[in-house]
Amino acid sequence: MEENAWEPLKDGVMTDHYARNVQLIRQAAHAEESEDVILRPFEALGQKAALLYVDGLTDGETLQRFLMDPLLKAVPPTDGTPLDTYLTRHVLPLASVAPTAQLSTVLNRVFSGDAALIVDTMPGALIADAKGFVKRGVSEPVNESVVAGPHEGFTESLRDNTVLLRRLLRTPALISEQMTVGNKVPVRLCMLYLDGIARRENIEEARRRIAGCNVDYVASLGMLEQLIEDSPFALLPQAVATERPDRAVSFLNEGQIVLLMENAPQALALPAGFLHFFHAPDDSALRWQYGAFLRLLRLIGMGISVLLPAIFIALTVYHPEGMSLSLLTSVIESQAKVPLSLFSSLLIMLLVFSLINEAGIRVPGAMGASLSIVGGLILGQAVVEAELISPLVLIVVALSGLGSYAAPSFSLTLSIRIIQLALAVGAGAGGYLGMTLVLFCLLLRAFRLTSLGQPYFAPFAPKRPANPDGAVRMPVWRQRLRGAMADPFHMNKVSGPMRAWDQPKENGHGTN
Amino acid sequence: MGRTETGVHSPEQMICQRRTAALRDKSSLNAMSVYAQLCIGFSLYLYGQVSTPGYLSALLMMPVLLLLFLPSWFLARRKRPGLSVTASAAGERGAKLFFLCFFLVHLLDAQLAFFTLCAVVRDVMPDFERAAAALAAALFCALGGGEDEGLNRLSRPLKRVVGALLLYCAVIAVPHGSAAHFFPLLGFGPASVLRGTLWMSGGLASVVWPLLNREDTEPPQRFFFTLRAPLLALGLGVITYAASVWLMPVYVMQRPESLGWRMLLLVHMTPSVPAWSMEVIGLMLLLLAASTYSTTQAARALSQFGGKQKTPRFLTAVLLFLLVPACVIDPDNVQKMLTAAAPLRAAGSFILLGLLCLCSLIRKKKKADRGDLV
């Protein structure tokens, strides 16, 4: 039954028979049942005509001034010009008007905010761009704020997002391919890349994967990511999501592909490497020394976050000989009155930390601060005073939590937390052996990963000539090559030195 | 848009560059395994039996390495085009013999690495169930193992991490040592030094494998490029041993300590909180990588012996679980057996290489004779 309702979307074709076309459209668009789907009949050019649009998605003024008024005033063609050509060239003062006979196209466009015009004896329908729905304006990205750099973020409007990118990359080499995903409710998608810089094989592969998504509806970019990623069972994310146009542009410049989707205020860059998740948007805006320092700090933060709870458990439970006497005494003293074992209390506190974090994200903004005070200060202090948890455990959990926040990617933060728990469980079960076994296994899995077919840890493993801006932020003038995911035949950003003014002159005197 | 200055101007060059990078990773993993075998060799033979002049034995392994490497290089250069094994002139039977020999070499390598891992675990966690530790190690190695690029790629950062951890321990330990520990050198005599070299040379046997068991797709390599990885492994092994000698007086080295204790010798001599943890983790990672690599290669050799080019993943897992009993049932006797069998790896490799070279030369002569007749 449900399948039949969508059937016209697949293969309905419109003819030049007005009554049939109107009937077809009325049924397919559910114009009688849906009060906001308007099918307005009128007479134009001496013929019966109808305009189909969705109230609220279209701009009323555009409909009135550029469609209805000219149509009602127009006279029929006298030189035998076909009706669609006549309307397009002489009657409708709109930039975007296109004929189509496919019912699925008509419905897709109308439900995206365009208007469809049906005229008796005219084959098919004319689609006029009349979008005028409510949308959010460009604002500062909430999850990727920066100290230095632009303050614009993507919005839910696909066209606005492509405009934001075009404004930053004013070159015809920026290709924007439009496609749709979803069988029953097609969602518009834009695949952007820089021609000659993005790898041809990556573009083909992305096209193939998107075309191969067999789903009825894609609700978000995250859902699309899951449908096209290489290893759906891997813990680590394989595509970078960003809310910032400047960051998306930097991905494009490094030879990656950027996907934009209707109703998604983010862009998805792929293929992605592990170190892309450590690059913050303002890294390149800061001087390289500061950028390098911050990036190293993030990597150390990740190391602490992943390893510290496991090392603490392994040392205190299995390897007390690995601790100094003072540390051992302090651990024993702090643990003496606590009823829970160190392993259980650490595991509980790690879960509580994740819980506070999750609750902090979900509660309304004004309550978020109160929640963090309740969670962080009151709860922490209370459990220590009640001697339920050792203060050392609290310190370890707080430090590891702090480390996980240093990662600029939310997906990476979540994967760090899961890895942290896995390692802690390994250490609880078998000390350093358990921890090392879990770590070894996870590392092997991670080094096998690919993103859009490209090795996840390239250009370091396997080694490839590429931009040295990886774990440490390198000076801009040393970044003469593009990223490892770029077309290997066009790796050079420039020929010659980047600080050309600083080169010794022919007479042997440099500007320095 | 400028063309690349990275030496890549055509798809063929790009493929060649990628294969070279893959080959480099593979050889780096092999070098890691050789380094692990050398460390095990030091712990098995030198600390207890040859003691202080052991670093001379380690230095003497340089010619042994060359003796293994040069004929392999000669054979690799003369490889028949389109043949993915070393058979060269020796034909199919020679290839089978080669695969069987290297199956045994790698299996022994894997058993030694796995056994040593369990010995280290016994030393740091004496109360931990021995069988559980061995089974868990086999299970996780099997989960991660398999003939693919994961382990090869991991070897690149892993060697740096393990190297840094061990270097940190060595640096921490330096103030506690004394140059006087290097002497007396000659009190043990040259026979002792040579014996040490002979015992330990088994750890070098696997350097031959990646050189001779090349795939058709792999590009030809330069001599020093190929030699670099095993040479570095050997150099690092010598430094590790010298650091141990620097730290320990001769009488400490000769005490009958367990294999695990000897493996963790650096940290035992310089107790430090971070160094202890770092060396234990570093050593475990090294031994895990070495056992997974050797088992994977043993499975590969066995598959090729059976005439198959693809190695089924379960074969690696089965071989890994076969390593478990030796670590659980009567480890003292197993250690004695392994100590006796380990040097045979080099002897077997020498004989095999000699035979292959001989066959190759005979074939060359026959070809030349036929050419003369024509």
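In this text, all values refer to a predicted model and were calculated from it rather than measured experimentally. Residue numbering restarts at 1 for every chain, and letters A, B, ... go by the order of the sequence lines.
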Side chain, backbone, both or neither: which part of [X] has a non-hydrogen atom closer than 4.5 Å to chain A?
{"X": "B/Ala22", "answer": "neither"}
{"X": "B/Ala289", "answer": "both"}
{"X": "B/Val280", "answer": "side chain"}

key: Residue A/Leu315 versus chain B: region with a heavy atom under 4.5 Å   =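 Just its side chain gets close to chain B.
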key: Proximal component of A/Ala429, with respect to chain B [non-hydrogen, under 4.5 Å]   =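 The backbone, not the side chain.
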message = I need the residue from A/Gly431, A/Ala446, A/Cys441 with the largest number of non-hydrogen atom pairs under 4.5 Å to chain B.
response =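 The residue among A/Gly431, A/Ala446, A/Cys441 with the greatest pair count is A/Cys441.
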message = Below 4.5 Å, heavy-atom pairs only: which of A/Leu439, A/Val438, A/Asp487 has the largest tally toward chain B?
response =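 When all of A/Leu439, A/Val438, A/Asp487 are compared, A/Val438 has the most.
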query = Between A/Leu449 and A/Ala234, which heavy-atom pair has the shortest distance, and what is it?
reply =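 Taking every non-hydrogen atom into account, CD2-CB, 3.5 Å.
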task = Could you tell me which non-hydrogen atom of B/Ala36 sits nearest to which non-hydrogen atom of B/Leu286, and how far apart they are?
result =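 Scanning both residues, the minimum pair turns out to be CB-CG, 4.0 Å.
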key: Parallel, tilted or perpendicular, as decided by the 30° and 60° cut-offs, for the rings of A/Phe447 and A/Phe457   =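 Answer is parallel, since the angle falls under 30°.
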A/Tyr456 and A/Phe277 aromatic ring geometry - parallel, tilted or perpendicular at 30°/60° bounds =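 Taking A/Tyr456 first and then A/Phe277, their aromatic rings sit tilted (interplane angle of 30° to 60°).
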key: N-O pairing of A/Glu254 and A/Lys493 below 4.0 Å   =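 Salt bridge between A/Glu254 and A/Lys493, a charged N being under 4.0 Å from a carboxylate O: yes.
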Salt bridge present between A/Arg200 and A/Asp195 (N-O < 4.0 angstrom) =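 A salt bridge is present here (some side-chain N lies under 4.0 Å from a carboxylate O).
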